[in-house]
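Note sheet for the following structure.
Numbered from 1 within each chain, the chains take letters A, B, ... in sequence-line order. What you see is a predicted model; the values in this text were computed from it and never measured.
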Protein chains: 2
Amino acid sequence: MANISDIARMAGVSVSTVSRVLNNHKYVSEEKRAAVQKIMNEMNYTPNKNAVDLIRGETKMIGVIIPYNNNQAFDQMLHGVLNKSVERDYSITVLPTKYNKAKEIEYLAMLKNKLLDGIIITSRSNNWEKIIPYTNYGSVVSCEYTDHPDIGCSYIDRYASYLDVFQYIKSKGHVNVAFTTARGIESISTQQTIGAYKEIFGEINSGYHISHCYSMDDGYDAGQKLLSLRERPTAIYANGDEVAGGIYQYARSIDYEIPKDVAIIGQENQPIGIGLGLSSIDHQLIKVGEQAFDLAVNKSKQKMKIPYHIIHRLSI
Amino acid sequence: MANISDIARMAGVSVSTVSRVLNNHKYVSEEKRAAVQKIMNEMNYTPNKNAVDLIRGETKMIGVIIPYNNNQAFDQMLHGVLNKSVERDYSITVLPTKYNKAKEIEYLAMLKNKLLDGIIITSRSNNWEKIIPYTNYGSVVSCEYTDHPDIGCSYIDRYASYLDVFQYIKSKGHVNVAFTTARGIESISTQQTIGAYKEIFGEINSGYHISHCYSMDDGYDAGQKLLSLRERPTAIYANGDEVAGGIYQYARSIDYEIPKDVAIIGQENQPIGIGLGLSSIDHQLIKVGEQAFDLAVNKSKQKMKIPYHIIHRLSI
DNA sequence: CTGAAAGCGCTAACAG
DNA sequence: CTGTTAGCGCTTTCAG
């Protein structure tokens, strides 16, 4: 495979001249430019981007840290990032952590290794203290709010959103309200959900919070548990429309009417929610991803709040 | 940021020695190794992977070409790839083409540029002739069958699957059968659908094939068109469960019973299909992705067929 | 066991 | 407008 000096030799010019035509510099005579161009075509030459990156110290590559690669919410953010990356001619590499701290740090090190220009963290497992040092090597933007000045944020005000939903559920006359979350209390999002719940409804009835719900199947199981409780909830807030869909399935399987016997509201406005007519709260995760990409590329440390919307359908 | 020679100087050894401890070579005295290790820790040093890649000519990075970044089918394959990549310690970069030929070639050039060790093509827009030359620079594996010896394949026998489904629909007594596809006849998949259809049912009634269906909304529109036909189809085969879901929605909106008034069958066994009780044909796209990853990493040019399954629910 | 030196392929002053 | 030259940060012979 030919390299720049082969081309230079064959075109009868110096490597700098070849480099100049490669980078569209002015001050190259038309003849030489043409000659070089011709040889490059003949040899089917392409510059070794690795060498270019090495010297430039920049890769036009952004990494996206996602905990799971099979979660609708993270997928949506990833899609947002991807949307923008195409426009701006960046490449995106996906970095799945499964919430493994060491893995996460390993990915962050790619910044230091000069493999990535920036990293977008959709969800993290390390403390910010562990992460901050890496901001010296490239931009790191978070899809969760943090007031740290070195971190750009494209986030949704989850707490406000949870508060809103619970308020909405309450306004519909519900008192016995249950909810599901993805992770346990180690997760900030779960903590916020619990906080908001308590603010609106007070203490959480035993059995009203079911964690580790990711899929429809998990939702189904959660539905079963919840609807078997002696003091059965009249409304359930699910952490995603698929989970909500599973709950719906179970409820229907025991001939409950929605929302008469049990009200259900999900999150992220996904197809299954549309199909089943489930109310949902749309956090506009695609926009979150798009904005995150912009922040990363512009090395901006701004805090951008993305608005959420409650989608009213008939399940509550 | 410290580099290898800084470390060497500070540890009082040569760069080669540092390089040796970096790469776990034997024949380094314990004292020197310890000294180097110590300085590396103090300086918080990590090697510049770009420089390493440059000299090694290998990146441990695989690219995945997908046409759209918001299509469930391609997402599933991507997830399969991601699953395996974590295990094998590879990074995955996502390359969205929107079926733009030039973009696709640009991505293939990354192989030549030494940015990628291999590329997985989930769907292509260029002819194989345009693609083959790039197999000289890294492994390229396809998620569509091709007999070209230089291309590894992890594929589903789409034609057989379409034949099977249409046969199944026919066995249920349907004669007026419509279907939807994503792309128009420029797409191989569409061509195969049409071919299989004709083999089972003969000519296609005018209006029975609706293309450019990607989302639920598209499905809804397709349902509307199809069910307004004078000779209305009694069964519809949708190219995905979300599209099927849209059709279902429309059918229900005009009070049709499924499958009594119209039978519906989708593809890929997605949540919405489960939620709506739609029969589906599961092409096991995640497995396709996993297998594709293995082929790419092993630089294998094998042809691996992944089996599909019909999921029987009550919509047909 | 260790170090010097020659690159990997390319860019960017610098001096014409 | 063009060529020379010195690196970018690392690996790998080749001699000790």
Under 4.0 Å, counting only non-hydrogen atoms across every strand here, what does A:Val18 touch: a base, just sugar-phosphate, or nothing? nothing
Determine, for A:Glu30 against A:Arg33, whether the closest basic-nitrogen to carboxylate-oxygen distance falls under 4.0 angstrom. yes
Distance check needed: C:dC1 C1' versus B:Arg20 CZ, whole Å only. 8 Å
Looking at A:Tyr45, I'd like to know whether one of its side-chain N or O atoms comes within less than 4.0 Å of OP1 or OP2 on C:dC10. yes
Are any of B:Lys32's side-chain N or O atoms less than 4.0 Å away from OP1 or OP2 of C:dG3? yes
For D:dG9 and B:Asn50 - does any side-chain N or O of the residue sit under 4.0 Å from the phosphate oxygens OP1/OP2? no
Test salt bridge (charged side-chain N to carboxylate O under 4.0 Å, His left out) applied to B:Asp294 and B:Arg88, B:Lys287, B:Lys299, the passing residue: B:Arg88
Scan side-chain atoms only and decide if A:Arg56 and B:Asn50 contain a donor-acceptor pair under the 3.5 Å cut-off. no
If you compare every side-chain N and O of B:Ser19 against the phosphate oxygens of D:dT11 (OP1, OP2), does one of them come in below 4.0 Å? yes
Side-chain N or O of B:Asn3 closer than 4.0 Å to phosphate OP1/OP2 of D:dG9: yes
Using only heavy-atom distances, determine whether the side chains of B:Lys112 and B:Asn136 contain a donor-acceptor pair under 3.5 Å. no
For C:dT2, does either OP1 or OP2 sit under 4.0 Å from a side-chain N or O belonging to B:Ser14? no
Give a yes or no on whether a donor-acceptor pair under 3.5 Å exists between the nucleobase atoms of C:dA4, that is its base, and the side chain of B:Ser16. yes
